[in-house]
Amino acid sequence: MTFLRDMYVVFARSLRLSLRNPAWVVIGLSQPVLYLVLFGPLLKPLAGQLGGDAWRVFVPGMLVQLGIFGGMFVGFGLIAEYRAGVIESMRVTPASRVSLLMGRVLRDVLVLLVQASLLTLVALPMGLRAPVAGVIVALLVVGLLVAAFSAASYAVALTLKSEDALAPLLNAVAIPVLLLSGILLPMALAPGWLRRLSDVNPLKHVVDGLRALFRGDLWSSSSLLGLAMTVLLVVLGTWFGTRTFRRESA
Amino acid sequence: MITARGLARTYRSRRGDVLAVRGVDLDVAEREIVGFLGPNGAGKTTTLRMLTTLLEPTAGEATVAGCDLRKDPVGVRRRIGYVSQSGSTYPEARSGEEIVDHARLYGMRPQQAARRGHELFEQLDLPGLWDRPTKTLSGGQRRRLDIAMGLVHDPVLVFLDEPTTGLDPQSRANLWQHVRSLRDDRGSTVFLTTHYLEEADALCDRILVIDDGRIVAEGTPDELKRGVSGDAVVLAVADPAQLPPSVAIVSELVGVTDLSEDGGTLRFRVPDGAAALPGLLRALDAAGVQPTSVEVRRPSLDDVFLSLTGRSLRDEPADVPAGAMT
């Protein structure tokens, strides 16, 4: 149980530091709202082509985007901690090195879940109608997604140890992943070649799965495929993160 | 407390393997303060990172604080404290929180951790800083906080990596006191790296000199200095015509070495400069030579380093205070 205790210590410390920086809390919370208010209305006229309810298409996409980006960029914080010597000083304690990773991942999941819930709540008065069970499962999927991306981001950050190297890499990955996932507009609107290209992107299936959940199709093939892809990403992300944090020389 | 045999670390780079540490053998006894002296890039920090389980050796083995470095790294971590060069606290975090969290990673309960933290703040002169963000601390305070972090679990062996780099002379002298009390009051063994000769000289019972990834000498500061063949003597003569007789007299001295002459100044080494001086002056006087000045200098660790490696530690990059030694 020392693993859980170590993980909790790291989690509590990271969360405390996150909350102490109100700028980030405000920016983190306002961004999803900005998307809803400033981008959502554009989708209204497209409702017919999107198969009915624009919000049921748009909000799940926003949730996935929040999960991916929220998770992906946590590596920057780790580099700052590394530079301050915090990571090294934790690595010479008997605490399990994986707990140093998972405590931070847990903080990221919690922070992003709060943001994701807020985004969903704000969408309600704007016109979102979705079954509660579906939304709750969708939020859990988003939490897993954050875990996958944040673990991977920490692993990359600990390997590169430089913001200057991390920033271009993240951008290089984030933009194609975003465009090929149908987050902003469903890939159903895409021409054949683009749709086939997007089929290789696991995140496209996650987005489709989340949209199915928002329609209330909890046991549809889309939602199950989306969940499976999310679990796959979690396995890959934590494997990568764990391996990097365990490595003696990292 | 530490036994290492053939400890080596190779880095892979695009241009092939780089041997950062080529095979270090070292022994450190209980309650010793041992200094690891060498220029930047000599392999000090790499060796330290291996001994503290942060870096896996590519060859060799070591027992640290009774635990095998390879088989039981967690056992090593439990027993050692490590104060790294780069610090150990986050600028935005409060000092007290950092030390409590650190203690909790050693398995302490929150109250026990807080009590221990306050105790160390007391011992290391950090009163009233408990609730302050670490970024508001002065360099010396932050370094003492780092040491407090490293001591939180009462380790039997403490590693300090360049503990006084970047500190002003006053904070440095103050920190030396604290390092000495680690051994004198707590009975800890201390292993520190430094590229300051005065620091090694002032603080260490024993010094290991490392250069280019291997240990080139070891001994007490005095032993190492004695290894340099004698004291340096500089003798200036005003009249160039008196140089040849002076050289002749100096070369007669027992055990004289490294005799050189440059623009009316003779430089040489003799085993005991102070004792040789009266005889030398009498002989010069008898020959009608009138020296304008004579200077005898006890060998410094810089001389040791120079004679061992052919390079001066003072040639190293500019973070060494200028004019500390001439």
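Letters A, B, ... mirror the listed sequences (proteins, then strands); counts begin at 1.
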Largest heavy-atom contact set with chain A, pairs under 4.5 Å, which of His102(B), Met149(B), Met50(B), His153(B):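 Highest number of pairs under 4.5 Å: His102(B).
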Between Val74(B), Thr89(B), Val83(B), which shows the greatest number of heavy-atom pairs under 4.5 Å with chain A?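 Looking at each option in turn, the highest pair count goes to Thr89(B).
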Any carboxylate oxygen within less than 4.0 angstrom of a Lys/Arg side-chain nitrogen, looking at Asp25(B) and Arg214(B)?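 Salt bridge: no.
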Salt bridge flag under 4.0 Å for residues Glu97(B) and Arg16(A):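 Salt bridge present between Glu97(B) and Arg16(A).
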Need one label for Thr52(B): side chain, backbone, both or neither, based on atoms under 4.5 Å from any heavy atom in chain A.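 For Thr52(B), heavy atoms of backbone and side chain both lie under 4.5 Å from chain A.
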Between Gln85(B) and chain A, with a heavy-atom cut-off of 4.5 Å, which part of the residue counts as in contact: side chain, backbone, both or neither?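 Neither part.
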Best-contacting candidate, Arg83(A), Met90(A), Glu81(A), Arg13(A), against chain B by heavy atom pairs under 4.5 angstrom: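 Among the listed options, the one with the most contacts to chain B is Arg13(A).
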Any chance the side chains of Ser84(B) and Asp161(B) put a donor and an acceptor closer than 3.5 Å?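 Ser84(B) vs Asp161(B): no donor-acceptor pair found between side chains.
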Are a donor atom and an acceptor atom from the side chains of Ser86(B) and Glu88(A) found within less than 3.5 Å of each other?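 No, no side-chain donor-acceptor pair sits under 3.5 Å.
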For a quick test of reading the model, state the closest non-hydrogen atom pair linking Arg77(B) to Val92(A) and the distance between them.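 What the structure gives for the nearest pair is CB-O, 3.2 Å.
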Is chain B contacted by the side chain of Ala80(A), its backbone, both, or neither, given a heavy-atom distance below 4.5 Å?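 Contact with chain B involves both backbone and side-chain atoms of Ala80(A).
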